Amino acid sequence: MNSRSRTPLAALVCAVLGVALLAGCGDPNGLDRGTHAPAVAEQPRPEAVWPAWSKALPKTPGDGAASQEAPSALKGVAVPESGLAKVAVRDVLRADPDMRGYARLRDLTGPGRAGIRPPRLADLTGDGRKDLVVAVDTVSGRTVVAVYTARDGKAYRILRSGGQRLCVETLGGDLLLRTPKDGGENAVRYHWNGVLLAALSDTTTYPRNQSAATPAPQRTRDHRSCAEDGGAGG
């Protein structure tokens, strides 16, 4: 084969290689320039496998705001326009029948004793106004938590919960309560449903090297922080 016959063949090979190289020069994310990204698929929603059975289930407080009774206003507590920050914590506790007995306890400045922790304010109802979070440490080591919101100059309790060696945290606009449990940790996340702070999730986790079926007592760094946050002495 002479040089003239090799020239068209070489040109053809170069052309094929050029097309292949251009085809591989797209966007590293898999999209060529000018190509529209695929539309985001809508997330699936739960669908009942047996609708008739699902409809027949009895309603519980966790089934939504419609099935929950709205809390009553605390008697004798007037909330100014500036909000719950200007209301004395003991006045709120005395007005709450379920928390009245704790109003006689001392004020706390740190962990390790029984009493009323410094009150905290956080927007847990999503209305842009601060709600009042109160925690009381008892002599038994249990912590009782109550959350109050204000509406039209009145105070309402929207949550009462508690636990041993309790950690109280906010997670976005939700409230998270963590307690040690069987060598692991239980976490309950409360979310505003328009009426109350209702449990959005309730999960128990264990260390990776420990079986959930046969948990062994074990203190981790998180559990020690729970004790430091909520431990109460005599």
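Fair warning: this is a prediction, and the values are worked out from it, not measured in the lab.
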Could you pull out the closest heavy-atom pair between [X] and [Y], with the gap in Å?
{"X": "A103", "Y": "R94", "answer": "CB-CG, 3.7 Å"}
{"X": "E69", "Y": "V195", "answer": "O-CG1, 3.9 Å"}
{"X": "I116", "Y": "L93", "answer": "CD1-CD1, 3.8 Å"}
{"X": "A95", "Y": "R100", "answer": "O-NH2, 4.2 Å"}
{"X": "R113", "Y": "D137", "answer": "O-CB, 3.7 Å"}
{"X": "P207", "Y": "G183", "answer": "CD-O, 3.5 Å"}

Polar side-chain atom of [X] near backbone of [Y] as donor-acceptor pair, under 3.5 Å:
{"X": "D131", "Y": "L124", "value": "yes"}
{"X": "R120", "Y": "A135", "value": "no"}
{"X": "N186", "Y": "T179", "value": "no"}
{"X": "D127", "Y": "R129", "value": "yes"}
{"X": "R178", "Y": "C167", "value": "no"}
{"X": "R106", "Y": "A114", "value": "yes"}

Under a 3.5 Å threshold, yes or no: a donor from one side chain and an acceptor from the other, between T138 and S140? yes

Are [X] and [Y] connected in the hydrophobic side-chain network, where two residues link if heavy atoms are under 4.5 Å apart?
{"X": "V79", "Y": "Y156", "result": "no"}
{"X": "I158", "Y": "L171", "result": "no"}
{"X": "Y102", "Y": "V134", "result": "yes"}
{"X": "V133", "Y": "W192", "result": "yes"}
{"X": "L132", "Y": "L108", "result": "no"}

Evaluate side-chain hydrogen bond (donor to acceptor under 3.5 Å, both in side chains) for Y148 paired with D96, printing each intermediate quantity in order. CA-CA 10 Å; Y148 302 89; D96 186 345; 2.7 Å; yes

In Å and rounded to the nearest 0.5 Å, what is the [atom1] to [atom2] distance from [X] to [Y]?
{"X": "L105", "Y": "R117", "atom1": "CG", "atom2": "CZ", "value": "13.0 Å"}
{"X": "H191", "Y": "L196", "atom1": "NE2", "atom2": "CG", "value": "12.5 Å"}
{"X": "L197", "Y": "L177", "atom1": "CG", "atom2": "CG", "value": "9.5 Å"}
{"X": "L175", "Y": "L159", "atom1": "CG", "atom2": "CG", "value": "6.5 Å"}
{"X": "R165", "Y": "E185", "atom1": "CZ", "atom2": "CD", "value": "10.5 Å"}

Would you call D98 and R157 a salt bridge, using N to O less than 4.0 angstrom? yes

With side-chain contact (heavy atoms from CB on, under 4.5 Å) as the criterion, how do V188 and L176 come out once you've worked through the C-alpha distance, each side chain's angles and the decisive distance to 0.1 Å? CA-CA 6 Å; V188 183; L176 186 67; over 6 Å; no

Evaluate the side-chain contact (heavy atoms from CB on, under 4.5 Å) criterion for residues V144 and M99: first the C-alpha distance (whole Å), next the side-chain angles of each, then the deciding distance (0.1 Å), finally the verdict. CA-CA 9 Å; V144 181; M99 298 292 291; 3.8 Å; yes

Can you find a heavy atom in the side chain of V145 that is under 4.5 Å from one in the side chain of T143? yes

S161 side chain near L166 side chain, heavy-atom distance below 4.5 Å: no

Tell me, yes or no, whether the heavy-atom count around R104 atom CZ, taken from other residues, nucleotides or ligands under 6.0 Å, exceeds 12. no

Step-by-step side-chain contact (heavy atoms from CB on, under 4.5 Å) determination, K130 to T149: CA-CA 8 Å; K130 299 291 186 178; T149 192; over 6 Å; no

